Amino acid sequence: MHTRRIRLFHRRINFNSKPEQRTKCERSLAHSLRISPPTSDATAKKIEWNESLSCNNLIWLNGNTVRLNQFSEEARLQLLKNVAPKTKVPNQAKQQAKLRSYRSKVKKAIVSEMAKGNKEAAELLQYVIECKNVLPEDLIVQFEALNMQRKQQRVKMLATYVKYHNLLCNIVPANNVYVQEGIIKIPHQWEVGTDVISLQEYIDFTQQFLSKYFPSHQILMLIGHDDERSVNQNTGAHVHYFLSGRNNETGDYDLRKQQVAVVNHYIKKNRIPNVTLFPDSGNLSRKQCEDFGRFFQRMLYDFANQSWLTPKGLVAEFAPETEKNSKQRKWMNEEAKLPKSQRTYNYYTHQLMLIKQESEKEQRRCNELRDEKQRYSQEVNKLLVEKSELMMKKEDLEQETITIEKKNAELEAKRDSLLASMSELHEQAIRVIERVFKSLLLSLYASDKGMPRKSSEYLNQACKQSEPLPSVFKLAMTRLIGEIKAKFTKQGTNGKEF
């Protein structure tokens, strides 16, 4: 099978719980869910997708894939709220101070109850302060049934602690990653359509990749888009993923650390030379962030080629370093940080580009047709001139034909006249020849009868009779008569009278 080399586009965006980051996350989620963002948008919303194709979009939730348009706008807005970083708790600093105060009280109560032998009450309180998840409210009822000192005061203390704990347990440190969005796409120019890789296959691959490398972080949502294109295209399908920053096992928001650890493991496993592992803390310098991103991409490419692209005769490869370091690539990287509606090249501008290309194509075709029309017009004019010349030649030939036919008629008339004359002359010549030969025969006869004088008269008569004959016949007759005369003369010299 012939292997075709292509490029993948993959980008990760981390969102924390700061108000600015939460707003950006909500807008990005709104774009992915094909709804208006819940926050006010300062700029007018541009066209970001083709509404007539939105029925193709898919969403993956909890292992199931369905069409995105099966969810109402209200349901999709709720999905946005479930995934986006939570808003800050009112008076959060005061609430945290109260939680710390009651936590201290609970610790003192543990020591006091253990000293008094109320082990079960102390162990339950110890469980409460170690728990990082939401505490069930029936825990208070369980606690109230145990033996302890000053029960009413202890129960009230625990209820207050549980209230503040549950209120603040999901509050993420402001700088920690709350949710990570990623996009995986084969750009239009590589011409890999959904007839080669379906949108469902994009989703399946992304789910497999995230589950393999980050199993302790929940995939909150996968959304596949196949509507950022023209109706007559089948390229541009892509998937957005939203990965929780919270570790399911520890409850910590440590996605950054986990991803650094995974990339370090990849570097060691593949024995990549001359590479310093990244710090486990996840605190990376600008240069380390660039290197980390490059190895993360390499890890993704390896997985994609092995499990996704190679069976389809494709192989993803990185752009050459010259391309990566070009001004164009740096500009593209800056563009990718902007919301889609603000990018120089998005669905809206892509459609404008396609329309412009189609317009330019039609204009070129129009110019070609105009040139072709002009060329045909010149050809027609040339043919008309040639036709005019041929018509003139035809007229000349017709006139010449008439002249020739007239001459032919005249010649035929002359020929007929000559033939008639010749026929008449022929008849006359035959009659003259007959008379000449008759005279010659009479001359010969007279000679034979011994009448030389009479014979001579007939000869002279034959000579006169031959005068009307044509010269050639006349000459022949003259020679013949001369020979006869000579014969008669010779006979006369032999003693006979002539």
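Nothing here was measured: the structure is a model prediction, and the numbers come from that model.
Proximity of the aromatic rings of H165 and Y102 is defined here by a centroid distance below 6.0 angstrom, and this criterion is not met. The distance between the ring centers of Y178 and Y253 falls below 6.0 angstrom. Separation of the F303 and F205 ring centroids falls under the 6.0 Å cut-off.
T310 places a side-chain N or O within 3.5 Å of a backbone atom of N305 that can act as its donor or acceptor partner. Looking only at distances, a side-chain donor or acceptor of N264 sits under 3.5 Å from a matching main-chain atom of F278. Checking side-chain atoms of H217 against main-chain N and O of R246 turns up a donor-acceptor pair under 3.5 Å. Of the possible polar contacts, one joining the H225 side chain to the S32 backbone as a donor-acceptor pair under 3.5 Å is found.
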* To do: Using the side chain to side chain donor-acceptor pair (under 3.5 Å) rule, take E249 and S216 through it: C-alpha gap first, then chi angles, then the decisive distance, then the call.
  => CA-CA 6 Å; E249 297 176 359; S216 59; 5.2 Å; no
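E368 and R365 are joined by a salt bridge, as a carboxylate oxygen and a charged side-chain nitrogen come within less than 4.0 angstrom of each other. Contact check on D371 versus R375 returns no salt bridge, with no Lys/Arg side-chain nitrogen under 4.0 Å from an Asp/Glu carboxylate oxygen. The pair D252-K132 counts as a salt bridge, with a side-chain nitrogen and a carboxylate oxygen less than 4.0 angstrom apart.
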Counting only pairs under 3.5 Å, give me each side-chain donor-acceptor contact of residues 56-79, with atom names and distances, residues two or more places apart or in other chains.
| from | atom 1 | to | atom 2 | distance (Å) |
| --- | --- | --- | --- | --- |
| N56 | ND2 | L53 | O | 3.4 |
| N57 | OD1 | D226 | N | 2.9 |
| N57 | ND2 | D227 | OD2 | 2.8 |
| R67 | NH1 | C55 | O | 2.9 |
| S72 | OG | E74 | OE1 | 3.4 |
| S72 | OG | A75 | N | 3.1 |
| R76 | NE | F71 | O | 3.1 |
| R76 | NH1 | L33 | O | 3.0 |
| R76 | NH2 | F71 | O | 3.2 |
| Q78 | NE2 | N82 | OD1 | 3.0 |

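Between W308 and Y202, the two ring planes are perpendicular [angle over 60°; tilted spans 30° to 60°].
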